[in-house]
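Note that the structure is a prediction, hence the values are computed from the model and not measured. The figures here come from the full heavy-atom set of this structure, side chains too, leaving out hydrogens, waters and symmetry mates. Sequence lines set the chain letters: A, B, ... in the order given, protein chains first and strands last, and positions in each chain run from 1.
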There are 2 protein chains.
Amino acid sequence: MTRPRSRRGGGRPTIADVARKAGVGAITVSRALREPGRVSEDLRRQIQAAVDELGYVPDPNARALASARAEVFGVLVPSLTNNVFAEVVRGIYDSLSDSPFRIQIGNTHYSGLEEERLLQVFGSQRPAALIVAGIDQTPSARRLLENAGCPVVQVMETGPDPVDMMVGFSHFDGGRTATEHLLQAGYRKIGFIGARMDPRSQRRLAGYRAAMEAAGLFDPRLVTTTPVPSSVSLGRELFRDALAKMPTLDGVFCNNDDIALGVLFECHRASIDVPKQIGVVGFNDLDMMQVSFPSITSVRTHRYEIGTRSVAMALAAIAGNPPEQRVVDLGFELVRRESTAR
Amino acid sequence: MTRPRSRRGGGRPTIADVARKAGVGAITVSRALREPGRVSEDLRRQIQAAVDELGYVPDPNARALASARAEVFGVLVPSLTNNVFAEVVRGIYDSLSDSPFRIQIGNTHYSGLEEERLLQVFGSQRPAALIVAGIDQTPSARRLLENAGCPVVQVMETGPDPVDMMVGFSHFDGGRTATEHLLQAGYRKIGFIGARMDPRSQRRLAGYRAAMEAAGLFDPRLVTTTPVPSSVSLGRELFRDALAKMPTLDGVFCNNDDIALGVLFECHRASIDVPKQIGVVGFNDLDMMQVSFPSITSVRTHRYEIGTRSVAMALAAIAGNPPEQRVVDLGFELVRRESTAR
DNA sequence: CTCAATCATGGTAGCGCTACCATTTGTCTG
DNA sequence: CAGACAAATGGTAGCGCTACCATGATTGAG
């Protein structure tokens with residue numbers, strides 16, 4: 001004898017309202033919306049009319065509960081302000097904007113523990129796919145990914161042992177290529193400057209080191225790093241530190257473009273000629289690298305494409321066509337500019 | 001005689017499992033998790049133990065369906081890569097990271113239609129709160145916000161007619177202040193350079209114009225704008241256009257710091273002395289403004305705080321204590337630097 | 001010591017949707 | 001033209017959780 005809970009939903013139309021108005025069963029409305037091919041032309045039109053008239057929008061919560069699958073992409077990135085991840089995320093958004101999938105972003109703040117916590121939270125939603133930055137998950141996070149029951153794409157890097165799929169490039173090779181370029185240009189005392197030494201930065205450093213060692217020029221005093229988050233002003237400071245430590249420095253491979261810009265500005269200020277006295281190479285090739293004076297050589301990475309490609313792979317897997325190539329290396333390009341042209 | 005749908009959920013524990021293990025009713029588990037104060041110390045511990053042992057995580061979809069309210073903050077921004085919004089979003093994330101609320105971001109791409117569409121989608125989820133950038137919603141979007149049935153915070157700007165709450169500052173005043181500073185420094189032929197002339201940019205331009213007119217110095221040929229998205233390289237190009245149009249230019253107020261940086265680089269390249277020949281002012285005061293050579297005067301805005309403050313206001317409203325002051329002006333500060341010191 | 005008020009706990013009935021059948025209708029084969 | 005089969009539609013029973021009410025235990029006032 002309980003009366004129905006008088007529309008706690010706040011009165012928005014439900015699938016039953018649409019069904020009534022269209023004179024069909026609720027399930028047919030559901031089908032018309034999700035698998036239009038399985039409903040006759042006639043009914044489909046009728047139902048669409050009812051939907052439009054009522055302004056019906058399916059409740060994703062009810063949908064997820066009933067189908068045990070939410071139309072959500074979970075995305076885990078270590079930072080929201082870092083331009084690099086922002087571009088990846090933009091690629092993901094653009095690729096999904098016309099799909100029914102929503103996006104849930106988690107910010108791990110470069111913390112493995114936080115990543116685990118967020119995977120736990122995401123998992124409880126039964127997402128349609130997970131896209132996570134990096135390949136260095138904790139064992140526990142890796143287990144959560146393996147048991148997620150949905151396609152998983154690790155992005156930003158490639159590596160030997162994907163949880164499921166991967167899209168990225170080799171940071172080691174990027175670091176090595178940048179350093180070799182400086183060597184070929186005739187620089188010898190080449191420093192490495194890096195902030196926020198996350199795993200990707202570490203691998204770029206390793207690439208730098210490999211190149212320097214191969215040339216018999218590696219010296220630990222050439223390396224200046226800090227765990228502090230990267231910024232242009234930090235780049236300037238680190239460069240000053242590096243110069244103080246090693247006044248004969250004649251080149252720097254900067255872990256990213258912000259740092260490189262900071263270096264460039266400090267050179268201006270200290271009247272150090274770039275590229276004559278010091279060669280500068282950045283990483284990522286942000287727009288401003290080509291504009292700065294002098295323009296800065298940088299390693300161009302395909303961040304937006306990493307986003308779009310990872311979505312494409314996940315969508316294919318959801319549709320039942322997991323891509324044959326589970327690890328996609330999008331590579332990078334060294335863009336030579338004035339800052340290393342001497 | 002239908003057997004239950006053998007755990008379509010994929011076997012993760014439900015509230016019933018926890019209840020059984022703890023020897024209590026399901027509803028008590030639900031309460032222990034949401035309103036611990038209403039469950040006795042004893043049971044609470046027992047339940048917590050069962051939760052930990054089973055690794056139970058509540059299903060947010062079921063929760064949202066049953067309570068007609070999702071623990072989701074909907075956030076609508078016009079761009080994901082624009083540093084300004086990225087900072088606001090970061091503030092929002094940081095403020096909510098310890099709460100049960102998830103965040104759903106929508107990218108409107110500066111389009112009113114897209115904003116409407118996203119509000120529709122968000123609305124179907126019954127979010128706990130909505131945070132939207134800007135105050136220039138279409139009438140239809142405004143209606144959607146008014147009927148959202150949850151706290152709404154408009155951010156980035158302040159204005160006379162909030163849907164519910166507002167956090168921001170006056171872009172008009174910002175533009176005027178920047179321009180007045182240039183005037184006071186003795187510059188006369190002051191140009192305005194702006195890309196992506198969204199409503200906020202328009203108001204900064206209006207502020208610039210007001211200051212110039214008050215000084216009897218306004219000339220439409222001093223204004224150079226484009227609807228193209230902003231970038232450092234675009235700043236350089238627009239500055240060249242501006243100079244070509246008005247070779248006697250002796251100052252520029254740039255609609256944002258990217259543009260200002262592009263202007264600075266072009267000045268370097270063309271051997272134009274900043275600040276002697278040309279004064280440059282930016283907007284937002286990104287980190288690099290203080291590092292560049294010369295350092296660039298800019299209008300510092302409190303982007304991160306806009307994010308944190310908007311969340312605080314929304315949370316208060318959710319808790320039933322809507323803030324007395326519904327429109328919060330966080331202001332801005334003109335930071336004087338070398339680029340206008342002549 | 002009684003009775004009302006309070007507190008702690010539980011049962012039931014949905015929230016809005018879809019998976020899983022069942023049913024009806026039309027279509028083709030032999 | 002019967003029988004088999006596919007296509008189109010519908011009914012029922014949950015998905016996992018919480019709102020609402022009911023119940024029993026405890027407390028305090030008179």
Side-chain angles (χ1 to χ4, degrees), chain A residues 1-20 22-47 51 54 56-71 100 123-126 149, chain B residues 1-20 22-47 51 54 56-71 100 123-126 149:
Chain A
M1 202 52 228
T2 29
R3 61 161 164 58
R5 262 183 279 180
S6 66
R7 273 300 160 81
R8 341 181 249 218
R12 68 179 80 238
T14 73
I15 204 170
D17 298 326
V18 177
R20 207 170 308 119
V24 299
I27 191 68
T28 305
V29 175
S30 174
R31 261 198 293 261
L33 263 32
R34 290 175 302 128
E35 310 166 86
R38 295 194 38 191
V39 174
S40 70
E41 179 72 30
D42 260 19
L43 282 192
R44 217 184 311 153
R45 254 203 310 274
Q46 235 165 289
I47 289 169
V51 165
L54 293 172
Y56 169 73
V57 184
D59 181 330
N61 297 117
R63 194 170 254 191
L65 185 58
S67 63
R69 198 39 81 198
E71 292 187 315
S124 69
Q125 294 187 64
R126 310 168 190 293
Chain B
M1 201 52 230
T2 29
R3 60 163 164 57
R5 258 184 282 181
S6 66
R7 275 299 163 79
R8 341 184 249 220
R12 66 178 81 238
T14 73
I15 204 170
D17 298 326
V18 177
R20 208 170 307 119
V24 300
I27 191 69
T28 306
V29 175
S30 174
R31 260 196 295 260
L33 263 31
R34 288 175 304 128
E35 310 167 84
R38 296 194 37 191
V39 174
S40 70
E41 179 70 31
D42 261 18
L43 282 191
R44 215 185 313 153
R45 253 204 310 275
Q46 236 165 288
I47 289 169
V51 165
L54 293 172
Y56 169 73
V57 184
D59 181 331
N61 297 117
R63 193 171 256 189
L65 185 58
S67 63
R69 196 42 78 199
E71 292 187 316
S124 69
Q125 294 187 65
R126 311 168 189 294

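The CG atom of A:D59 sits 17 Å away from the P atom of D:dG16 (whole-angstrom rounding). As a whole-Å value, the separation of A:D42 CG from C:dG26 P is 13 Å. Per the geometry, CZ belonging to B:R20 stands 15 Å off C1' belonging to D:dC17, to the nearest Å. B:I15 has its CD1 atom 14 Å from the P atom of D:dC15, to the nearest Å. C:dG16 atom C1' lies 14 Å from atom CD of B:Q125, rounded to whole Å. A straight line from CZ of B:R63 to P of D:dC15 spans 18 Å, rounded to a whole angstrom. The separation between B:E35 atom CD and D:dC20 atom P is 12 Å, rounded to whole Å. Per the geometry, CG belonging to B:L65 stands 14 Å off P belonging to C:dG14, to the nearest Å.
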Worksheet entry | Verdict with reasoning, B:I47 to B:R44, per side-chain contact (heavy atoms from CB on, under 4.5 Å) | CA-CA 5 Å; B:I47 289 169; B:R44 215 185 313 153; 5.9 Å; no

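Remark: B:E71 pairs with no residue by the side-chain hydrogen bond (donor to acceptor under 3.5 Å, both in side chains) rule, at least two apart or across chains. For B:Q125, the side-chain hydrogen bond (donor to acceptor under 3.5 Å, both in side chains) test picks out A:R102, with sequence neighbours left out. A:R69 pairs by the salt bridge (charged side-chain N to carboxylate O under 4.0 Å, His left out) definition with nothing, not counting sequence neighbours.
Within the structure, every side-chain polar atom (N or O) of B:S30 is placed at least 4.0 Å from both OP1 and OP2 of D:dC17. For the pair B:R12 and D:dC17, the criterion of a side-chain N or O lying under 4.0 Å from OP1 or OP2 is not met.
With rounding to the nearest 0.5 angstrom, the CG atom of A:L33 is 6.0 Å from the CZ atom of A:R63.
Within the 4.5 Å cutoff, side-chain heavy atoms of A:R20 are placed close to those of A:D17. Inter-residue side-chain proximity for B:S124 and A:P60 is flagged as met; some heavy-atom pair is nearer than 4.5 Å. Using a 4.5 Å heavy-atom threshold, the side chains of A:R12 and A:D59 count as separate.
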Every protein N/O within reach of nucleotides 6-11 of chain C N/O, cut-off under 3.5 Å:
from	atom 1	to	atom 2	distance (Å)
C:dT9	OP1	B:S40	OG	2.9
C:dT9	OP2	B:S40	N	2.8
C:dT9	OP2	B:S40	OG	3.4
C:dG10	OP1	B:G25	N	3.4
C:dG10	OP2	B:G25	N	2.9
C:dG10	OP2	B:T28	OG1	2.3
C:dG10	N7	B:R31	NH2	3.0

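Within the structure, every pair that satisfies the salt bridge (Lys or Arg N to Asp or Glu O under 4.0 Å) test and touches residues 22-38 of chain A, not counting sequence neighbours, is listed here: A:E35-A:R38.
For the helix from C:dC1-D:dG30 to C:dG30-D:dC1, the end axes, each set by the C1' atoms of five terminal pairs, are bent relative to each other by 30° (nearest 10°).
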